[in-house]
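Each chain gets a letter, A, B and so on, in the order its sequence line appears, and its residues count up from 1.
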Amino acid sequence: SQELEQSPQSLIVQEGKNLTINCTSSKTLYGLYWYKQKYGEGLIFLMMLQKGGEEKSHEKITAKLDEKKQQSSLHITASQPSHAGIYLCGADNTGKLIFGQGTTLQVKP
Amino acid sequence: NAGVTQTPKFQVLKTGQSMTLQCAQDMNHNSMYWYRQDPGMGLRLIYYSASEGTTDKGEVPNGYNVSRLNKREFSLRLESAAPSQTSVYFCASSPRTGGNTIYFGEGSWLTVV
C-alpha cells in the first residue's frame, strides 16, 4: 500500500524566515494535496498538484510536485504567525485520499 | 455555507458503550469519508463511500461500522467503544473519488474512558 512520509515532523521558525516541508511517497503520485489545520479545527485545502514538475502558489505558499512524481515540497516565504498550524500532504490511492503524518509549524514573533 | 457538518463535536463514552457520529454535506457530493486523527499519525481513513449505496473499508476499519443513509448523510458507529478509539474524527466529502478536492468537517472529539 502507498505511504506518505513528511519531514520534518515539527518545525519552529522565527517570523520572516523561509521554510520547506517535504512529502515523500512510496509510490508514484497521481494527485498530491496540501492541507493546513489549525489546532482544534478542520482541514483547509491549500492546493492540489497533478502533473510532474507542476508548481502552484497561494499567497506566500508555494508547492511543487517533482518530475518523478514521488515527492512534493511546500515552501513558505517570509513566514508569519498566521502560517502556524499542522500541514498535511495527501495523495490519491485508488480513489481514496491517504495522508502523511503531518508537520507542525510554529512561527515565533 | 454549511459544507460538511458533523455532530456531536464532543463526546465522552464509557468503555463498551455505543454511539453514532453523524455527518451531512450539502454540496451534492457523491463521495464521503470518515477519518480519525491521532497525534503523530496524521489522518487515517476508516471507511469511505464512493457513491450512494456503497461503502468500503479504509486503513483502520476495525471496531467501526458505517451507513450511507442517502446522498447527503454518512454515519459512523462505534458498537462497543474502546479506549483505543479515543481520537478526533473527521468526516469529509468530494464530488467523486480520485482527483478531486476533499472538503472536511470541523471534527468530533471522542474520549473513551
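Hydrophobic cluster membership is shared by B:Y33 and A:L43, with clusters built from Ile, Leu, Val, Met, Phe, Trp and Tyr side chains linked at under 4.5 angstrom. A continuous path of hydrophobic side-chain contacts links B:F90 to A:Y35 [ILVMFWY only; heavy atoms under 4.5 Å]. Clustering ILVMFWY residues whenever any of their side-chain heavy atoms sit less than 4.5 angstrom apart, transitively, puts B:F10 in a cluster other than the one holding B:L21. In the hydrophobic cluster analysis, where Ile, Leu, Val, Met, Phe, Trp and Tyr join through side-chain heavy atoms closer than 4.5 angstrom, B:L43 is grouped apart from B:V60. Both B:Y64 and B:M19 belong to a single network of hydrophobic side chains, linked directly or stepwise wherever heavy atoms of I, L, V, M, F, W or Y lie under 4.5 Å apart.
With rounding to the nearest 0.5 angstrom, the OG atom of B:S94 is 9.0 Å from the CG atom of A:D92.
No side-chain heavy atom of B:L45 sits under 4.5 Å from any side-chain heavy atom of A:F99.
Within residues 103-113 of chain B, the residues having any heavy atom under 4.5 Å from a heavy atom of chain A are, by residue number, B:F104, B:G105, B:E106, B:W109.
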- [ ] Go through the steps for A:L97 and B:Y35 under the test side-chain contact (heavy atoms from CB on, under 4.5 Å), then give the verdict.
- [x] CA-CA 10 Å; A:L97 199 61; B:Y35 290 88; 3.3 Å; yes

- [ ] Kindly indicate, with the supporting measurements, whether the criterion side-chain contact (heavy atoms from CB on, under 4.5 Å) is fulfilled by A:F45 and B:I102.
- [x] CA-CA 8 Å; A:F45 171 75; B:I102 291 184; over 6 Å; no

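For chain B, no part of A:Q9 is nearby; none of its heavy atoms comes within less than 4.5 Å. For A:L88, the part lying under 4.5 angstrom from a heavy atom of chain B is the side chain only.
In this structure, B:R72 has no salt bridge (Lys or Arg N to Asp or Glu O under 4.0 Å) partners at least two apart in sequence or on a different chain. Under the rule for a side-chain hydrogen bond (donor to acceptor under 3.5 Å, both in side chains), the partners of B:Q37 that lie at least two apart in sequence or sit in another chain are A:Q37.
In the hydrophobic clustering (ILVMFWY side chains linked at under 4.5 Å, chained through shared members), A:I76 is joined by A:L4, A:L11, A:V13, A:L19, A:I21, A:L29, A:L32, A:W34, A:L46, A:M47, A:L49, A:I61, A:L65, A:L74, A:Y87, A:I98, A:L105, A:V107.
Around the NZ atom of A:K51, the shell of radius 6.0 Å holds no more than 12 heavy atoms that belong to other residues, nucleotides or ligands.
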